[in-house]
Amino acid sequence: MDVDALAALVPDGAQLALVPDNSLSPGAFARALVRRGVRGLRLVGVPVSGYATDLLIGAGCVAEIETSAVTLGEAGMAPRFTAALAAGKLRVTDATCPAMHTRLQAAEKGVPFMPLRGVLGSDLVAHRPDWKIIDNPYQAGDPILLLPALSPEFAAFHAAMADEDGNVWVGRRRELATLAHASQRSLVTVERTVRGNMLEDERLAPGVIAGVYVSATAVAEHGAWPIGLLDEYGYDADHVALYAKLARSDEGFAEYCARFVNAQVARAAE
Amino acid sequence: MSGKSDELLLIAAIARLITDPLGHPVRHAAVGAASPIPAAACWLAKMQGADIRLSLLHRPRGNPFTEGTRELFDLAGQGRIDLFFLGGGQIDGEANINLIGTGDWPGTAVRFPGSFGSAFMYLTVHRTILFREEHSPRVLVPRVDHISAPGISPPGTFRRGHAQALVTGRCVFRFDPARARFALASLHPGETREGVRAATGFDYDEPGEITVTEGPTEAQSALLAGPVCDAMIETYPDFCRRVWGRGMKETGAKEQAA
């Protein structure tokens with residue numbers, strides 16, 4: 001399966017969880033989704049959103065997003081996100097990072113909700129009817145926030161390796177295991193496939209997400225780009241800065257897509 | 001403020017706040033996204049001999065976490081992070097911060113990036129240094145349009161710490177959570193009491209004695225240009241290029257994708 005076939009598994013209107021630009025975000029998969037012309041995605045930032053999300057919003061693929069922030073890091077604000085919100089084309093539900101993690105942690109445990117410290121006094125609470133404050137049942141006079149479990153329909157990220165048993169290896173980025181455990185279907189692009197079963201290697205096993213949590217994989221070399229991949233390649237700050245510059249205008253964004261998103265098809269066909 | 005000497009001044013000022021003996025002792029400091037000046041201040045404090053463990057979230061190599069930011073927030077929830085840094089698109093006189101935006105929710109006039117972990121970290125870490133380089137009435141407002149994270153909490157609400165100080169491009173304010181009020185602590189070189197008052201949208205106390213913010217000593221400047229820059233270059237290449245004129249190429253660490 002190639003990355004375009006993987007992207008074809010995501011139907012219009014699907015809920016899709018994406019990871020930030022420091023956590024194996026799947027750049028090639030996002031570009032494949034744009035090529036596929038998916039519409040009405042309900043994105044979830046786990047816990048924040050970056051390049052892939054801004055690209056999908058700019059291409060008109062996204063109806064709504066729940067996230068704790070959208071940012072291009074040193075390259076600044078995410079221009080297509082900002083423009084879509086201002087134009088009233090995007091429904092935004094704000095969260096705070098640990099709330100996103102906690103909701104996934106509840107889902108991976110199979111419990112309906114989980115408490116979280118802090119957050120009380122933030123205006124986020126008033127805008128989240130699904131977040132509830134209760135009195136700590138173990139200690140009266142201690143208000144605490146409850147968050148509903150979240151089990152995204154799809155999650156997507158880019159891993160270094162997949163093996164013959166469908167396991168994928170994410171190194172130290174084990175927060176992706178929580179995401180995969182909680183999600184209904186995880187779609188994973190990888191740099192390469194390896195023989196055998198990585199879970200039988202004691203040194204690889206801690207960074208493995210077991211195949212039981214992985215619905216499908218596709219090989220995509222440099223599949224995180226312009227995001228970095230562990231110690232294999234770095235974050236391409238120059239390219240993200242170029243994206244941020246072009247995406248400031250509709251014309252610039254179209255130019256970006258022509259050069260870096262749609263051109264990919266031609267390159268793959270050669 | 002715009003030049004690199006100003007950035008070095010801010011780094012030195014924040015490093016002094018970190019090692020302030022009157023504050024909650026800092027054994028473990030964490031630094032979040034897009035925060036090269038706070039990160040440099042933490043490295044400087046550590047390289048001057050402070051016994052601090054640094055967790056820099058966005059460091060691609062040598063990142064201390066094996067479960068990403070999920071682990072950071074779990075640590076903070078337990079009270080195992082002593083110091084964190086927050087900024088804000090707006091900050092008000094009660095130390096409320098707004099990362100949502102201005103106008104109606106969720107920022108219909110000007111949208112900011114979003115609240116990140118601020119709503120949690122401000123209440124769970126033992127102390128927070130607020131940092132925002134732009135010091136103007138549009139940033140330092142009488143009342144934030146939306147509260148991402150509250151500066152103070154009512155009695156009975158779980159909270160471990162508050163803002164210790166607010167560092168801007170013009171001055172350092174100290175924060176008193178009991179009074180929910182800032183006080184001017186030091187003016188950066190060239191700034192005046194009147195100038196700061198005019199550039200600040202919120203009211204604050206102004207003690208009779210106000211010092212001038214001190215820049216880095218010669219020894220600090222050497223540490224910053226050497227080992228601090230070495231430690232930061234992979235995470236903040238643009239910043240290191242601008243402030244110390246150092247590029248990534250000499251480290252040979254970066255691989256460009258095709």
Side-chain angles (χ1 to χ4, degrees), chain A residues 20 22-23 45 47-49 67-71 73-74 77-78 81-82 85-86 92-99 101-102 104-105 116-125 127 141-144 172-178 206 222 225-226 228 230-239 241, chain B residues 33-34 36 57-58 60-61 63 65-74 76-77 96 98-101 105-108 110-124 144 146-154 156-159 234 236-239 248 253-258:
Chain A
N22 62 349
S23 182
V48 304
S49 313
T67 189
S68 308
V70 189
T71 173
E74 272 198 322
M77 290 288 291
F81 162 74
T82 308
L85 178 66
V92 178
T93 302
D94 275 282
T96 184
C97 299
H101 292 305
T102 299
L104 294 170
Q105 287 173 284
L116 179 70
R117 276 297 185 198
V119 190
L120 306 185
S122 167
D123 287 346
L124 288 167
V125 179
H127 292 272
D142 176 28
I144 188 163
R172 71 173 62 231
R173 306 303 319 201
R174 296 196 304 177
E175 69 273 25
L176 296 172
T178 299
H222 282 294
W225 181 82
L230 304 173
D231 58 354
E232 301 206 7
Y233 49 88
Y235 176 76
D236 189 345
D238 292 341
H239 184 84
Chain B
L57 261 62
H58 286 251
R61 254 168 278 239
N63 179 307
F65 300 129
T66 54
E67 291 172 351
T69 61
R70 207 201 84 178
E71 191 179 356
L72 167 82
F73 297 117
D74 286 352
N96 295 310
N98 174 9
L99 289 158
I100 293 283
W105 188 276
T108 51
V110 177
R111 172 70 194 195
F112 303 148
S115 301
F116 292 96
S118 64
F120 177 81
M121 298 298 274
Y122 213 5
L123 279 70
T124 54
V144 293
H146 307 291
I147 297 176
S148 285
I152 53 166
S153 300
T157 297
F158 180 92
R159 181 162 198 154
E234 195 175 4
Y236 301 109
D238 292 350
F239 181 80
M248 280 293 290
K254 190 180 178 186
E255 209 180 303
Q256 293 279 348

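Each chain gets a letter, A, B and so on, in the order its sequence line appears, and its residues count up from 1. What you see is a predicted model, and the numbers here were worked out from it, not measured in a lab.
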Is there a donor-acceptor pair closer than 3.5 Å between any side-chain N or O of A:Thr96 and the backbone N or O of B:Phe116?
yes
When A:Thr93, A:Leu176, A:Thr67, A:Leu116 are compared by non-hydrogen pairs under 4.5 Å with chain B, the top option
A:Leu116
Do A:Leu124 and B:Trp105 touch side chain to side chain, with heavy atoms closer than 4.5 Å?
yes
Just checking, is any N or O donor in the side chain of A:His101 or B:Thr69 under 3.5 Å from an acceptor N or O on the other one?
yes
Could you look at A:Ala78 and say if it's the side chain, the backbone, both or neither that has a heavy atom under 4.5 Å from chain B?
neither
Side chain, backbone, both or neither: which part of B:Ile152 has a non-hydrogen atom closer than 4.5 Å to chain A?
neither
With a 4.5 Å heavy-atom cut-off, do A:Trp225 and A:Asp236 have their side chains touching?
yes
Treating A:Arg173 as the side-chain partner and A:Asn22 as the backbone partner, does any N or O pair qualify as donor plus acceptor under 3.5 Å?
yes
For A:Leu85, which atoms come within 4.5 Å of any heavy atom of chain B: side chain, backbone, both, or neither?
side chain
Contacting region of B:Asp74 [heavy-atom separation from chain A under 4.5 Å]
side chain
So for A:Pro98, is it side chain, backbone, both, or neither that comes closer than 4.5 Å to the heavy atoms of chain B?
both
Engaged part of B:Arg159 at the chain A interface, taking heavy atoms whose separation is under 4.5 Å:
neither
With B:Glu71 via salt bridge (charged side-chain N to carboxylate O under 4.0 Å, His left out) - residues at least two apart
none
Look only at the side chain of A:Ser23 and the backbone of A:Pro20, and say whether a donor-acceptor pair between them is shorter than 3.5 Å.
no
Chain B contact via A:Val48 - which portion, at a heavy-atom distance below 4.5 Å
side chain
Tell me, please, whether B:Phe73 has A:Arg117 positioned over its six-membered ring: NZ or CZ under 6.0 Å from the ring centre and within 45 degrees of its axis?
no
Counting only non-hydrogen atoms closer than 4.5 Å, does B:Phe239 touch chain A with its backbone (N, CA, C, O), its side chain (CB onward), both, or neither?
both
If we define contacts as heavy-atom pairs under 4.5 Å, which of B:Arg70, B:Met121, B:His146, B:Arg111 has the most with chain A?
B:Arg70
On a heavy-atom basis, which atom in B:Gly117 and which in A:Cys97 lie closest, and how many Å separate them?
N-SG, 3.5 Å
Pick whichever of A:Gly118, A:Gly141, A:Ser68 has the most heavy-atom pairs under 4.5 Å with chain B.
A:Ser68
Can you say whether B:Leu123 sits under 4.5 Å from chain A via the side chain, the backbone, both, or neither, judging by heavy atoms?
side chain
Chain A heavy atoms under 4.5 Å from B:Ser148: which part of the residue, side chain, backbone, both or neither?
backbone
